[in-house]
Each structure stands twice: as structure tokens, then as C-alpha cells.
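Here's the structure, in C-alpha cells; my notes come after.
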Amino acid sequence: MYDAIIVGARCAGAAAALLLARKGYRVLLVDKATFPSDTISGHFVFHPGVLKLQHWGLLDKVLASGCPPITKMVFDIGDFTLTGQIPQEMNGLPFGIGPRRTVLDTILVEAAVEAGAELWQGFVVTDLLRDQDTVVGIRGRSSDARDITEHARIVIGADGKHSKIAQLVGAPIYHEVPSLTCWYYTYWSNLPCDSLEIHWRHHRLVLLFPTNDGLTFGMVGWPHQEFHEFRGDIEGNYLKTMRMFPEVADRIANARREERFVGMADVPNFFRKPFGRGWALVGDAGHHKDPTPAYGISDAFCDAELLTDAIHNGFNGQQTLPDALAEYEQLRNQRAIPDHEYTCQMSRLEQWDNPDMLRLRAALRGNAEDTGRYLAMAAKAIPRDVFLAPQNLQRIFQQAVHLPT
Ligand SMILES: Cc1cc2nc3c(=O)[nH]c(=O)nc-3n(C[C@H](O)[C@H](O)[C@H](O)COP(=O)(O)OP(=O)(O)OC[C@H]3O[C@@H](n4cnc5c(N)ncnc54)[C@H](O)[C@@H]3O)c2cc1C
């Protein structure tokens with residue numbers, strides 16, 4: 001009998017296993033994948049995720065893998081290119097890092113095992129065990145085709161947006177918004193890039209950042225309804241989009257593509273009720289969102305910490321487990337519901353160059369410190385309501401030298 005069985009061993013599941021094992025619980029972590037394993041995903045980890053990795057003692061390991069810390073951001077929407085460095089408040093920690101998932105997920109899984117979690121790879125969970133209306137364990141198939149059952153005090157679904165656990169318990173869905181975008185990405189050598197670059201024009205988005213092995217990750221976003229058109233000529237549409245941006249076009253002309261194109265249009269936005277009797281959900285399984293603002297990984301880390309704190313409080317009697325898990329849902333939503341509204345707005349890829357945005361950018365031009373803070377807001381290092389507070393904006397506009405009349 002385990003204290004917790006965690007289904008899914010990536011950002012959410014391996015982090016939850018690590019944290020529970022470090023608290024002394026008996027944890028079984030299972031995944032149908034075998035690590036190191038890649039997955040269809042961008043992998044820019046924003047500041048809150050970097051903080052978690054640092055707090056868990058894993059940041060040095062991730063950086064030592066050769067993915068550079070990103071201390072500069074470039075934000076281009078057609079008026080001019082806003083470029084900023086990390087502001088003082090960030091204490092020298094980067095806006096983010098871009099480790100390959102083969103690297104990041106493996107470091108997390110190894111740390112969970114080192115902390116005492118048991119790992120079953122190549123193991124597919126097919127069903128849940130129940131005692132009346134309470135989940136008490138899992139049923140699954142091992143890599144050598146054996147049917148296995150195991151029991152636990154709680155089963156955690158960290159098994160991604162199409163969560164089998166969520167499906168088996170019938171977790172209710174709320175705040176649902178269908179897919180708004182579609183994406184294709186690949187990896188380039190000889191494409192110089194030392195920043196997180198965000199380029200937007202007319203319903204098109206390009207994201208670039210440096211990752212492991214000296215490569216640059218390059219992803220193109222289009223509106224969801226144009227996915228079939230994109231798919232009709234993946235390379236042509238990818239390159240055409242990259243070439244829309246003069247600062248990218250020059251570099252892509254001399255770059256060499258090192259990997260195949262990977263695409264995805266299944267990026268719905270929703271929340272699931274993340275707990276019930278004997279079960280909980282974390283990461284994409286509990287809350288999925290469009291990749292436009294690239295918050296999925298850092299959110300998975302934050303929620304893994306919230307959930308494991310709640311389970312600990314429930315198991316040690318500080319709260320009843322249902323109360324502790326209800327608080328987990330509340331704290332998750334307190335952070336994620338405002339982000340969800342922002343994400344859906346940005347993911348429509350419309351009017352990023354609205355008059356308010358252009359006016360603020362013009363006011364920031366030449367103001368290095370506030371530009372850094374503005375970009376730190378996108379990196380979730382400075383809360384939006386702090387940067388966008390009327391008195392802060394008023395101060396920026398008063399200091400502005402480039403404000404349009
Ligand atoms: C195109 C795209 C780009 C993205 N870019 C970024 C980005 O730049 N930055 C960012 O922060 N986020 C990004 N995201 C989001 C990010 O990928 C997710 O938020 C993140 O992977 C969530 O991690 P997770 O651990 O919750 O789930 P997942 O990474 O989906 O892991 C779930 C795991 O569960 C396992 N599993 C599933 N079912 C079972 C089963 N029945 N039995 C056993 N194992 C099972 C799977 O094998 C998998 O390993 C992007 C997503 C997409 C689609």
C-alpha cells in the first residue's frame with residue numbers, strides 16, 4: 001500500500017512525486033513513457049518555474065545541461081522592438097530557461113527517485129480500483145504485458161490534458177474555451193539567439209529561444225481555424241511566417257534545420273475539478289491552457305507544490321483531506337483564473353497592437369528599468385496588477401520621452 005500513486009511522470013507528476021517523497025511518503029510514480037522521453041511541447045520555463053527548480057535544488061543541474069539562462073527578452077509587434085533585461089527585483093534570476101523536455105523531465109524523474117519514489121516506466125494505467133465511491137488504487141499493464149493492481153491512500157492524475165484519471169472519475173470541467181491556436185516548431189543551428197523573442201503580426205506569432213546543444217527553438221503560431229491551411233505546406237508556411245519579421249528573416253536565411261517539424265492544434269483551455277474521494281489532478285490534467293503565454297510548465301510546478309502541501313496537511317491531520325484539497329483548488333484558481341482570461345485574450349492573436357498597448361510601449365521606449373519590469377510581468381516575475389496599477393502607469397507616462405500625442 002502506497003501513500004500516493006502518481007500517474008504521469010513529467011513536469012507535474014515527477015515534481016509531485018519528488019515533493020511527497022521528500023516529505024517521507026511512500027510514492028509510486030508511473031508513466032507509459034520511458035525516460036529520457038520527448039513530448040510534443042515547447043519548453044520555455046518562465047520565472048516562477050525557475051524559482052521552483054531553484055527551491056527544489058535542481059536549477060544548477062538544469063543549467064549544467066547546457067541550456068542558457070535567459071536574462072533578455074525581445075517583444076516585437078510592428079511599431080519597434082522592445083528589448084529589456086531583468087529588472088533589479090528579480091535578484092539576478094533569469095526571465096526563464098528553455099531546457100529540452102528530454103532533459104528537464106529526466107532531471108525531475110531522477111530527483112523523485114533519488115528522494116525515494118518508486119518509478120515504473122512503460123506502465124499504462126487502464127482503470128481505477130474503488131471501494132464504493134472512493135478511489136483506492138490503480139489497475140494497469142506493465143511493459144512486459146502483466147496486469148497489475150496497486151493500492152494507495154490517494155491516486156494523483158498528472159497524466160496530461162486527456163487525463164485517463166480525470167475521465168475515469170468523471171472530473172467536472174469548467175471555464176472551457178475551445179482551441180484558439182495551432183503551432184509548429186523545430187530546432188535550428190546557426191540561428192543566433194540569446195533571448196526569449198516574441199514576434200507578432202496580423203494573427204501570426206513567432207517564438208524563439210536558445211535551448212540545449214547550441215540549438216535555437218523556433219515555433220510559429222496561427223489561428224486554430226487556419227490549421228488545415230498550415231498543414232497543407234508545413235515548411236512553406238513555417239518559413240513564410242518566420243520571414244514576416246525582418247529581424248528573424250535575416251537569421252533564418254543562414255540557419256540550418258536540425259529536426260523535423262512538430263505540430264499541434266489540440267490546445268483547449270479548461271479547468272477540471274481537481275479532487276474527489278481518493279483522487280486528485282495536477283498539471284495539464286487539472287487545468288489546460290493555450291501555449292501562447294507559455295505558462296504550462298511553471299504552472300505545473302506551482303500546482304504540484306500546492307497539491308503536495310495539501311495532501312501533507314490532510315495526511316498529518318492538520319486539516320481534513322477534503323478541506324485541504326478544496327483549498328488546493330481555491331489557491332490554484334486564484335492564480336490561474338486571471339491567467340486564463342489573459343491567455344484566451346492573447347491566444348486570439350488579434351490586436352496585440354491596440355492603441356493602449358502602443359501607447360504603453362511608446363512610453364517605455366528608452367526607459368530600460370521599466371521595460372525590464374514590463375517584460376518581467378509577461379514572465380510572471382512581477383504580478384500584472386502591480387505593474388498595471390494606475391499609479392505605476394501614471395509614473396511611467398509622466399517620465400516618457402517618446403509618448404505619441
Ligand atoms: C505546442 C505546445 C507548446 C508548448 N510550449 C510551452 C512552453 O514553451 N512553456 C510551457 O511552460 N509550456 C508549454 N506548453 C505546455 C506544456 O507542454 C504543458 O503544460 C506541460 O507539458 C504539462 O505537464 P504535465 O506533467 O501536466 O503533463 P504532460 O507533459 O502531458 O505529461 C503527462 C504524462 O502522463 C503520461 N500518461 C498519460 N496517460 C497515462 C496513462 N494512462 N498511464 C501512464 N502514463 C500516462 C504521459 O505518458 C506523459 O508522460 C506547450 C504545449 C504545446 C502543445
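Treat the numbers as computed from the prediction; the structure is a model and nothing was measured. Atoms within each ligand, like the ligands themselves, are counted from 1 in listed order.
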Check the angle between the aromatic planes of [X] and [Y] and answer parallel, tilted or perpendicular using the 30° and 60° thresholds.
X    : Y    : answer
H175 : F271 : perpendicular
Y2   : W120 : perpendicular
F46  : Y295 : perpendicular

Can you report which non-hydrogen protein atom sits closest to [atom], along with the distance?
atom                    : result
atom 44 (N) of ligand 1 : K32 N, 3.1 Å
atom 1 (C) of ligand 1  : W183 CB, 4.0 Å
atom 28 (P) of ligand 1 : R10 CD, 4.0 Å
atom 32 (C) of ligand 1 : A158 O, 3.5 Å
atom 40 (C) of ligand 1 : V125 N, 3.8 Å
atom 29 (O) of ligand 1 : R101 NH2, 3.0 Å
atom 26 (O) of ligand 1 : D284 N, 2.9 Å
atom 14 (N) of ligand 1 : S41 OG, 3.6 Å

Check ligand 1 against [X] and write out every atom of the ligand that is under 4.0 Å from a heavy-atom position of the residue.
X    : answer
G283 : 26 (O)
H43  : 7 (C), 8 (O)
F44  : 7 (C), 8 (O), 9 (N), 10 (C), 11 (O)
V124 : 42 (N)
M264 : 53 (C)
G8   : 33 (C), 34 (O), 35 (C)

Nitrogen or oxygen atoms of [X] and ligand 1 under 3.5 Å apart:
X    : result
M219 : no
G13  : no
I297 : yes

Using a cut-off of 6.0 Å, state whether more than 12 heavy atoms not belonging to [X] lie near its atom [atom1].
X    : atom1 : result
R335 : CZ    : yes
Q167 : CD    : yes
R395 : CZ    : yes

Practice task
Output every pair passing side chain to side chain donor-acceptor pair (under 3.5 Å) with a member in residues 106-116, not counting sequence neighbours, ordered by first then second residue.
Solution key: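 Counting only pairs at least two positions apart or across chains, no side chain to side chain donor-acceptor pair (under 3.5 Å) contact touches residues 106-116.
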
Handout entry: Reported CZ-to-CZ distance for the pair F217 and F44, which is rounded to 0.5 angstrom
Key =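 So the CZ of F217 and the CZ of F44 are separated by 11.0 Å.
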
Exercise for the section: Any chance you could measure I154, atom CD1, to T134, atom OG1, to the nearest 0.5 Å? Expected result: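 Separation between the atoms: 11.0 Å.
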
Problem - Heavy-atom donor-acceptor pair, H43 side chain to P99 backbone, under 3.5 Å - result: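 Indeed, once roles are kept as given, a pair shorter than 3.5 Å links the two residues.
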
Practice task
Measure the distances from the heavy atoms of T39 to every atom of ligand 1 and state whether one is below 4.0 angstrom.
Solution key: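 No.
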
Exercise for the section: Tell me, please: is V45 in heavy-atom contact with ligand 1, that is, under 4.0 Å? Expected result: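 No heavy atom of V45 comes that close to ligand 1.
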
Exercise for the section: May I ask you to check if R153 and Y25 form a cation-pi contact, with NZ or CZ under 6.0 angstrom from the six-membered ring centre and within 45° of the axis? Expected result: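 No, R153 does not sit over the ring of Y25.
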
Handout entry: Cation-pi geometry met for R256 and W188 (6.0 Å, 45°)
Key =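 R256 over W188 ring: no.
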
Exercise for the section: Give a yes or no on whether a salt bridge exists between D356 and R359, defined as a side-chain N under 4.0 angstrom from a carboxylate O. Expected result: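 Salt bridge flag = no for R359 with D356.
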
Exercise for the section: Indicate, as side chain, backbone, both or neither, the part of A12 found under 4.0 angstrom from ligand 1 when only non-hydrogen atoms are considered. Expected result: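 Both of them.
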
Exercise for the section: Check each heavy atom of F123 against ligand 1 and say whether those closer than 4.0 Å belong to the side chain, the backbone, both or neither. Expected result: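 For F123, only backbone atoms sit under 4.0 Å from ligand 1.
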
Problem - Nearest-option assignment for atom 27 (O) of ligand 1, heavy atoms, candidates G160, P291, G42, G296 - result: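 Of the listed residues, G160 has the closest heavy atom.
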
